Structure formats: C-alpha cells, structure tokens
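Here the structure is laid out as structure tokens; the discussion comes afterwards.
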Amino acid sequence: MSPAHDERNRIRAAMHRILTGTPEHSNGALTVVALAIEAQVPRNALTQRHPDLRNEFYTQVKERGAVPDVETRLRAKIVQLKETIANKNEELGRLRVDVPALVRVLNQLAAENEVLREQLQLPTPNVVPLRPKRMFDDQL
C-alpha cells in the first residue's frame with residue numbers, strides 16, 4: 001500500500017494539534033500511537049516511512065518539558081511495584097521470624113503428646129481420653 005500524497009502534511013498538522021492541546025481524533029497523548037491516530041495514518045507511517053517526523057515530534061515534546069504519557073504511566077507503575085516489593089519484604093521478614101517460633105511450639109506439642117500417649121499405655125493411666133478409643137486410633 002502506498003502512502004497518501006498528503007501524509008506528511010497530515011502528520012505535521014496532527015503534531016501541531018496535539019502539542020497545542022487541541023486533538024480532534026485522538027486522546028492527545030504525547031505518543032507516536034496518538035500522533036498516528038490524530039493524523040489518521042497507520043503507525044508504521046511514523047516508524048518506517050517518516051521516522052524524521054517521529055523524531056521531530058519527540059524533540060518538540062522534550063523541548064516543551066512535557067513528559068510523554070507512556071513515561072508517566074511507567075513511572076507510576078514503578079512506584080507501585082516498589083511499594084508492593086517493600087510490603088512483600090516486610091511480610092517475608094515477619095514470616096521468617098514466625099517460622100522458628102512455630103516450629104518450637106510444634107515440637108513442644110509433639111513432645112507433650114508423646115508423654116500423654118505413654119501415660120495412656122500405663123496399667124493405671126492418669127490420663128482420660130476425650131473421645132473413646134476406636135479401632136484405628138492405635139495406628140496413629
């Protein structure tokens with residue numbers, strides 16, 4: 001497919017509209033995608049046929065001190081991910097402290113349980129089971 005004869009003019013007009021904040025066909029984002037939509041040309045017109053206009057657009061964006069929307073979104077996502085990592089690291093630290101304590105308690109309960117089982121085996125046990133002994137309890 002050959003490019004339209006007025007493609008460069010449409011791209012320049014779209015650049016002007018986006019940079020002045022008066023987009024007609026796009027959301028006005030400072031991106032190549034929005035520029036292509038605004039100029040009503042395929043995106044590859046800017047990436048392949050007219051990279052000079054794409055570079056000119058980004059140069060004008062930088063000169064105005066504006067930050068492209070993509071960069072703004074990525075920076076916000078980075079902040080969010082850093083917060084998530086910090087929260088996960090804090091949770092992991094708490095879990096690392098809790099695990100040894102839980103292991104100690106588990107070992108203590110297992111030892112106490114073993115003592116109680118041994119007392120049940122005595123001829124006159126001083127431990128009364130809470131539930132009646134069933135056939136399969138011996139296998140536990």
Side-chain angles (χ1 to χ4, degrees):
M1 182 172 156
S2 63
H5 68 285
D6 66 340
E7 194 171 70
R8 289 185 70 83
N9 293 336
R10 291 194 335 223
I11 293 170
R12 286 195 185 280
M15 284 171 45
H16 177 72
R17 287 193 303 270
I18 286 178
L19 292 172
T20 58
T22 58
E24 297 173 0
H25 305 288
S26 71
N27 62 3
L30 300 174
T31 64
V32 170
V33 174
L35 179 59
I37 292 169
E38 184 65 28
Q40 296 181 325
V41 298
R43 187 172 59 89
N44 72 350
L46 290 161
T47 58
Q48 296 173 5
R49 291 194 295 265
H50 309 293
D52 59 317
L53 293 177
R54 178 197 63 208
N55 294 339
E56 180 182 328
F57 176 67
Y58 279 138
T59 300
Q60 289 183 22
V61 168
K62 281 185 179 179
E63 286 174 357
R64 291 171 183 248
V67 177
D69 293 346
V70 172
E71 185 176 340
T72 304
R73 285 193 308 270
L74 287 175
R75 288 186 187 279
K77 188 67 174 177
I78 288 169
V79 168
Q80 177 190 7
L81 291 173
K82 284 182 178 180
E83 289 174 3
T84 300
I85 289 170
N87 291 340
K88 294 296 179 185
N89 285 340
E90 182 181 326
E91 180 182 5
L92 184 59
R94 284 193 311 266
L95 291 173
R96 284 185 174 151
V97 168
D98 289 347
V99 167
L102 291 172
V103 168
R104 283 191 302 274
V105 169
L106 180 64
N107 286 334
Q108 180 181 355
L109 290 174
E112 289 176 9
N113 196 25
E114 184 60 31
V115 168
L116 293 173
R117 285 182 189 269
E118 289 172 3
Q119 288 180 2
L120 275 175
Q121 301 303 320
L122 296 175
T124 56
N126 60 359
V127 176
V128 178
L130 296 177
R131 58 187 164 128
K133 193 171 189 174
R134 295 184 301 205
M135 182 186 314
F136 299 110
D137 284 348
D138 291 338
Q139 297 172 357
L140 294 176

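What you are looking at is a predicted structure, and each value in this text was computed from that prediction instead of being measured. Numbering of residues begins at 1 and proceeds along the displayed sequence.
Nearest heavy-atom pair across Val32 and Arg43 is CG1-CG, 4.2 Å. Closest heavy-atom contact between Leu46 and Ala36: CD1-N, 3.7 Å. When all heavy atoms of Arg10 and Ala39 are compared, the pair lying nearest together is NE-O, 3.2 Å. Scanning both residues, Ala29 and Ile18, for their nearest heavy atoms gives O-CG2, 3.8 Å. Of all non-hydrogen atoms in His50 and Arg8, the two that sit nearest each other are ND1-NH1, 3.0 Å. Taking all atoms of both residues into account, the shortest heavy-atom contact from Pro23 to Gly28 is CG-CA, 3.7 Å.
By the side chain to side chain contact (heavy atoms under 4.5 Å, CB included) test, Thr22 is found to be paired with Arg17, Thr20, residues two or more places apart in sequence or in another chain being considered. Partners of Leu19 under the side chain to side chain contact (heavy atoms under 4.5 Å, CB included) rule, at least two apart in sequence or in another chain, are Leu30, Phe57, Gln60, Val61, Arg64. Applying the side chain to side chain contact (heavy atoms under 4.5 Å, CB included) criterion to Val105, with sequence neighbours excluded, gives Leu109.
Other residues, nucleotides and ligands contribute over 12 non-hydrogen atoms within 6.0 Å of the NE2 atom of His25.
The structure places CD of Gln119 at 11.0 Å from CD of Glu114, a figure rounded to the nearest 0.5 Å. Between the CD1 atom in Ile78 and the CZ atom in Arg75 there is a gap of 7.0 Å [rounded to 0.5 Å]. Within the model, atoms CD of Glu91 and CG of Leu95 stand 5.5 Å from one another, a figure rounded to the nearest 0.5 Å. For the atom pair CG (Leu53) and CZ (Arg12), the distance works out to 5.0 Å, reported to the nearest 0.5 Å.
At least one side-chain heavy atom of Arg49 sits under 4.5 Å from a side-chain heavy atom of Pro42. In this structure, the side chains of Arg117 and Asn113 come closer than 4.5 Å at one or more pairs of heavy atoms. The side-chain heavy atoms of Asp52 and Glu56, taken from C-beta on, include no pair separated by under 4.5 Å. Arg73 places none of its side-chain heavy atoms less than 4.5 Å from the side chain of Lys77.
In this structure, the side chain of Glu38 engages the main chain of Ser26 through a donor-acceptor pair within 3.5 Å.
In the hydrophobic clustering of this structure, Ile37 does not group with Val41; members are Ile, Leu, Val, Met, Phe, Trp, Tyr whose side-chain heavy atoms approach within less than 4.5 Å, directly or through other members.
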- Message: Pair Arg104, Asn107 - check side chain to side chain contact (heavy atoms under 4.5 Å, CB included), show working.
- Response: CA-CA 5 Å; Arg104 283 191 302 274; Asn107 286 334; 5.8 Å; no
